[in-house]
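Note sheet for the following structure.
Scope of the values below: all heavy atoms of this structure, side chains included, with no hydrogens, waters or symmetry mates.
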Amino acid sequence: MSDKKPLIQPRTLKGFRDFPPALAMPREQMIDKVRTVFRSYGFAPIDTPALEYAEILTGKGGDESDKQMYRFTDNGGRDVALRFDLTVPFARFAAQHIGQLGTPFKRYHVGPVWRGENTQHGRYREFYQCDFDTIGTNANAADIEIALIIHDILAALGFERFSIHVNHRLVLNGLLASLGLAEGAPAILRALDKLAKIGAEKVAAEMQATAAVAPEQARQILETVQIKGSNSEILEELEKKIGQHERAATGIANLRQLLAAFAAAGIPENRLALDVSIARGLDYYTGTVYETLLDDLPGIGSICSGGRYDDLASLYSKQHLPGVGASLGLDRLMAAMDELGLLQDSTAPADVFVVQFTEESLAHYIAVSRRLRDAGLRVELFPEAKGMGKQLKYADRKGIPLTLIGGPDEMAKGVWQVKDLRDGVSEEVGDGDLVEYLQGKL
RNA sequence: GUGGGUGUAGCUCAGUUGGUUAGAGCGCCUGGUUGUGGUCCAGGGGGUCGCGGGUUCAAGUCCCGUCAUCCACCCCA
């Protein structure tokens, strides 16, 4: 062998990760659970290319996202870029295909996105998002459904303590309009969005600096936005303060309907938190806005956020497409679940391990494996007729709970020895009773 | 993009004011135990000290650069 050839150092790019089974299995399990929820609401899956023409993607999320975009010229001289979220590609998709899809259209999309920003805990340059949107309807029922889905996903993943913070842009706009500040709304909302992070004083200062808000106006905004109390108490207060404004009244009514829906669905009230300070920095939200926080890990940030927008695809089509949706950050969620010990689920790749006692009897083992698989069991047959100690050790290390031993003695009697590696107990089981016995053990 | 911390065996980490063949625990492999894992006993393999350069008689240790990672800011998922 030539050891002269210099080896290439195996490595991955910053912010890009390998997923060995211990990571890939929980991720697949998560995606399965999330998908099940989407489907239970009648959402259909779509997929789009990772790579798009740069002009499709740039300029949609502001300077920041343009800077973070992986962009290059392909071999055909095209200016292309990797998608940095799933929303913009969906807008393009909707503009291109809405004629065939019909409205309302409900889709979910699970896939990787890329952002060339600095890495941090739960933040990578390649990460998975799960987006779900209903487009083509203005009905508040669609907004309610999105919130219910967020709730059901987190519940399905095993989270107990979380809260979906909701607000309505019409409430905020009504508030600003009542103060004569409709003009500076985007800048004011961007400042407001930082409330939880930098505090009321700095927010007031920023609003005064960037949006020509008078100190008294800032005080009133912050007072309204920081109303405390139960969800219905907050609504009452809002009603009193700005309920006479038509737009605000609509927003308040929609939020009231959302609360009623959650109550009707029997969801604990503390999982939905009316929070007038939630604005979402993005300009395009026009109605409901969502931000989901884990009570036990507030520092990790929002793990699922979104809202209602007036027109998704206006950049690509004259067709008016209002919608509402949210996106879930899978990798951030996985980091959270890891931290909270929700990821400890068995990662065993199989339920039953079949020992290959002798190579001569391979067909016997393949036959039984097949029978068990047909019965829905996950079965691994060891590829080599190595010593049984080796094979059992292998099965044990993988966390496979049950092993099937069928050597000459068992074959002569027409039985299998089933050894439960969890307690070390073995039992002889007749060939005919095998499937039922194993299923009972799992 | 800015500021800071950390890189020594597969993992978690020791390693003195620079000083000879760089250590431990766990894991891994082999044997005790060719029909029984997880316990026990004995033995074994495994490290260009992230990488590159510099200072020095001498660098894991000091200096510079670089890459990776973690934390904060920013932004977000």
Which value, in whole Å, describes the distance between the [atom1] atoms of nucleotides [N] and [M]?
N       : M       : atom1 : value
rC62(B) : rU55(B) : C1'   : 8 Å
rG7(B)  : rU61(B) : C1'   : 14 Å
rC26(B) : rU21(B) : P     : 28 Å
rC57(B) : rG18(B) : C1'   : 12 Å
rU56(B) : rA9(B)  : C1'   : 29 Å
rC71(B) : rG15(B) : C1'   : 26 Å
rG50(B) : rG60(B) : P     : 10 Å
rU12(B) : rG47(B) : C1'   : 16 Å

Please state how far atom [atom1] in [X] lies from atom [atom2] in [N], giving the value in whole angstrom units.
X         : N       : atom1 : atom2 : result
Gln391(A) : rG37(B) : CD    : C1'   : 11 Å
Ile303(A) : rC75(B) : CD1   : P     : 21 Å
Leu392(A) : rU33(B) : CG    : P     : 18 Å
Tyr124(A) : rU69(B) : OH    : P     : 10 Å
Glu117(A) : rC75(B) : CD    : P     : 12 Å
Leu13(A)  : rA68(B) : CG    : P     : 8 Å
Arg125(A) : rC76(B) : CZ    : C1'   : 15 Å
Phe353(A) : rG38(B) : CZ    : P     : 14 Å

Pair Tyr108(A) and Phe132(A), ring centroids less than 6.0 Å apart:
no
Indicate, with yes or no, if the rings of His151(A) and Phe162(A) have centres closer together than 6.0 Å.
yes
Minimum-distance nucleotide (side-chain atoms of His121(A) versus rA77(B), rC71(B), rG35(B))
rC71(B)
Quick one: which of rU2(B), rA68(B), rC75(B) gets closest to the side chain of Arg123(A)?
rC75(B)
[N], OP1 or OP2 - any side-chain N/O from [X] closer than 4.0 Å?
X         : N       : result
Lys393(A) : rC29(B) : yes
Gln120(A) : rA72(B) : yes
Thr119(A) : rA68(B) : no
Ser302(A) : rA77(B) : no
Arg397(A) : rC29(B) : yes
Lys390(A) : rG37(B) : no

For [X], report the nucleic acid contact type (base, sugar-phosphate, nothing); a contact means any heavy atom under 4.0 Å.
X         : value
Ser305(A) : sugar-phosphate
Gly306(A) : nothing
Asp331(A) : nothing
Asp409(A) : base
Glu410(A) : base
Leu421(A) : base
Tyr394(A) : nothing
Leu330(A) : nothing

Counting distance alone, no hydrogens or angles: does the base of rG37(B) have a donor or acceptor under 3.5 Å from a partner atom on the side chain of Asp396(A)?
yes
For the base of rA77(B), is there a side-chain donor-acceptor partner from Arg115(A) under 3.5 Å away?
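For Arg115(A), whose side chain was compared with the base of rA77(B), there is a donor-acceptor pair (under 3.5 Å).
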[N] - base-pair partner by Watson-Crick or wobble geometry, distances under 3.5 Å:
N       : answer
rU2(B)  : rA72(B)
rG65(B) : rC51(B)
rA9(B)  : none
rA42(B) : rU30(B)
rA58(B) : none

Gly389(A) or Tyr128(A), whichever maps to the more 5' nucleotide of RNA chain B:
Gly389(A)
5'-most by nearest nucleotide on RNA chain B - Phe16(A) or Ser426(A)
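Nearest-nucleotide comparison on RNA chain B picks Ser426(A).
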Would Leu328(A) and Val34(A) satisfy side chain to side chain contact (heavy atoms under 4.5 Å, CB included), going step by step from the backbone distance to the final call?
CA-CA 10 Å; Leu328(A) 184 78; Val34(A) 170; 4.0 Å; yes
Looking at Phe19(A), I'd like to know if the NZ or CZ of Arg27(A) sits under 6.0 Å from its six-membered ring centre while staying within 45 degrees of the ring's axis.
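Judged by the rule, Arg27(A) and Phe19(A) form a cation-pi pair.
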Check whether Phe43(A) forms a cation-pi arrangement with Arg107(A) (NZ or CZ under 6.0 Å from the six-membered ring centre, at most 45° off the ring normal).
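Because its charged atom misses either the 6.0 Å distance or the 45° angle limit, Arg107(A) does not stack over Phe43(A).
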Assess the side chains of [X] and [Y]: does a donor N or O sit below 3.5 Å from an acceptor N or O?
X         : Y         : answer
Asp295(A) : Ser163(A) : yes
Arg125(A) : Thr119(A) : no
Asn167(A) : Tyr285(A) : no
Lys390(A) : Tyr394(A) : no

For Phe127(A) and rA77(B), is the gap between ring centres under 5.5 Å while the planes differ by less than 30°?
yes
